[in-house]
Amino acid sequence: MFRKLGSFMEMLFGGRYVLLLMSLFSIYCGLIYNEFFSVPFHIFGGSAYKCRDATCSDAHSAGLIKFRDPYPFGVDPSWRGSRSELPFLNSLKMKMSILLGVAQMNLGIILSYFNARFFHSSLDIRYQFVPQMIFLNSLFGYLSLLIIIKWCIGSQADLYHVMIYMFLSPTDDLGENELFWGQRPLQIVLLLLALVAVPWMLFPKPFILKKLHSERFQGRNYGMLVSSEFDPDVEPDSAREHHEEFNFSEVFVHQMIHSIEFVLGAVSNTASYLRLWALRYDNFVIRLIGLAIFAFATAFILLMMETLSAFLHALRLHWVEFQNKFYHGDGYKFKPFSFALITEDDD
């Protein structure tokens, strides 16, 4: 005989697999930053840094020098408590968020290619998938490349300056912000490609659809259209569900909205992924009270509320920022049941 759970326990039981995944990812993040309850631990061996001289007796002071190979896995625990901890970790998290976000957005656009292949829509491949890949990677893919190069060569280049002046003054000398030979002409080419990709997404597809529609209904020798825009069983969109009438202005506005959403979304989605980066006394009695407050705040606020908030935000990244690259949710046009259609199929 089954016993009915309370509302709270029923919610926990229903989300047990979500809690399991959250637990596994929290353990992974703890290993990445080599910490437990925000306390650094040398889990994978000793630090790569040591004190510069005898005056540097505290491992968390500013007088550390590197004396051996980097820490084998994750962040070196010696960064915790140092004066450069906040700038270093914030920079690391921000750059990792950009790399992960751009990779996932590219995956979403690639999935849109397979959607177009499945629906035999060559127009979507030529005039949506290709320019979207060019636009995204000419700007944010290039930024990801700069991040990786900066990490590899240990450069002190200011990537903010590079990306801003790529638009404002693309022909100016980069100076100390130059990471590799030929960077300035490459940036000019990438900027031109990004500018070309926007009208490429916007203009050709509506005019080609208009041309195909006029040829089809003027009795010319034209076979099955390779685009899904005219198949009511595939995409019953408001701008495409009428066979006999082709509303060019409606199709053009629809394409313009789609193009603007992608261009603005490429910026706002990257900003959304950046949110992944977000966020004593000697008396024994006071220490004990402080420990109780710390344990309560850690368990109920950090581990429960903040973890749930981070999970919901990550869920939004997957359902909105990622899926809007390829998922439309148009469904299939409703077909009422008819015995006449069954009889025709049997004949």
Can you list the residues that meet the ring-ring contact (aromatic ring centres under 6.0 Å, His included) rule with [X], with sequence neighbours excluded?
X: F13; result: none
X: F180; result: none
X: Y113; result: F129
X: F326; result: F322

Indicate the atoms forming the closest heavy-atom contact of [X] with [Y], along with that distance.
X: N34; Y: V75; value: ND2-O, 2.8 Å
X: A157; Y: S155; value: N-OG, 3.1 Å
X: M201; Y: V263; value: CE-CG2, 4.0 Å

Any chain of hydrophobic side-chain contacts (each under 4.5 Å) joining [X] to [Y]?
X: M256; Y: F262; result: yes
X: I110; Y: Y127; result: yes
X: I109; Y: I260; result: yes
X: L145; Y: W181; result: no
X: L191; Y: V189; result: yes

Show which side-chain atoms of residues 41-48 pair as donor or acceptor with protein atoms under 3.5 Å away, not counting sequence neighbours.
residue : atom : partner : partner atom : Å
S47     : OG   : Y49     : N            : 3.1
S47     : OG   : D76     : OD1          : 2.9
S47     : OG   : D76     : OD2          : 3.2
S47     : OG   : S78     : OG           : 2.7

Between [Y] and [X], is there a side-chain heavy-atom distance shorter than 4.5 Å?
X: P77; Y: Y33; result: no
X: E178; Y: V162; result: no
X: H258; Y: L202; result: no
X: I125; Y: R117; result: yes

If you measure from [atom1] on [X] to [atom2] on [Y], what distance do you get to the nearest 0.5 Å?
X: K211; Y: L209; atom1: NZ; atom2: CG; value: 11.5 Å
X: I148; Y: I153; atom1: CD1; atom2: CD1; value: 12.5 Å
X: N177; Y: R184; atom1: CG; atom2: CZ; value: 13.0 Å
X: M94; Y: L89; atom1: CE; atom2: CG; value: 12.5 Å
X: L195; Y: L190; atom1: CG; atom2: CG; value: 11.0 Å
X: K93; Y: I98; atom1: NZ; atom2: CD1; value: 14.5 Å

Tell me the salt bridge (Lys or Arg N to Asp or Glu O under 4.0 Å) pairs involving residues 13-33, sequence neighbours left out? none
Here the salt bridge (Lys or Arg N to Asp or Glu O under 4.0 Å) pairs for residues 127-140, sequence neighbours left out, are none
Suppose clustering is done on Ile, Leu, Val, Met, Phe, Trp and Tyr with side-chain heavy atoms closer than 4.5 Å. Which residues sit in the same group as L174? none
Any donor-acceptor N/O pair, W200 side chain to Q128 backbone, under 3.5 Å: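 Not confirmed, W200 side chain does not pair with Q128 backbone.
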Walk me through it: do D124 and K205 pass the test side chain to side chain contact (heavy atoms under 4.5 Å, CB included)? CA-CA 8 Å; D124 289 340; K205 186 177 176 181; 2.4 Å; yes
Just wondering, more than 12 heavy atoms not from Y327 lying within 6.0 Å of its OH?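 It does not: Y327 OH has 12 such atoms or fewer within range.
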Donor-acceptor pairs under 3.5 Å, side chain of residues 163-171 to any protein atom, not counting sequence neighbours: which ones?
residue : atom : partner : partner atom : Å
S169    : OG   : D172    : OD2          : 3.3

Going by atom type alone, with no hydrogens or angles, which donor-acceptor pairs under 3.5 Å involve a side-chain atom of residues 135-144 and a protein atom two or more places apart or on another chain?
residue : atom : partner : partner atom : Å
N137    : OD1  : N106    : ND2          : 3.2
N137    : ND2  : N106    : OD1          : 2.8
N137    : ND2  : M133    : O            : 2.9
S138    : OG   : I134    : O            : 2.5
Y142    : OH   : Q183    : NE2          : 3.3
Y142    : OH   : Q187    : OE1          : 2.6
S144    : OG   : F140    : O            : 3.0

With a 3.5 Å cut-off and sequence neighbours excluded, list the donor-acceptor pairs that the side chains of residues 21-29 form with protein atoms.
residue : atom : partner : partner atom : Å
S23     : OG   : L19     : O            : 2.7
S26     : OG   : M22     : O            : 3.3
S26     : OG   : S23     : O            : 2.6

Residues passing the side-chain contact (heavy atoms from CB on, under 4.5 Å) test with P206, sequence neighbours excluded, are F248, V251, F252, Q255
We want to know whether K210 and S214 form a side-chain donor-acceptor pair, criterion being a heavy-atom distance below 3.5 angstrom. no
Check whether the side chains of N247 and S249 place a donor and an acceptor atom closer than 3.5 Å, and report yes or no. yes
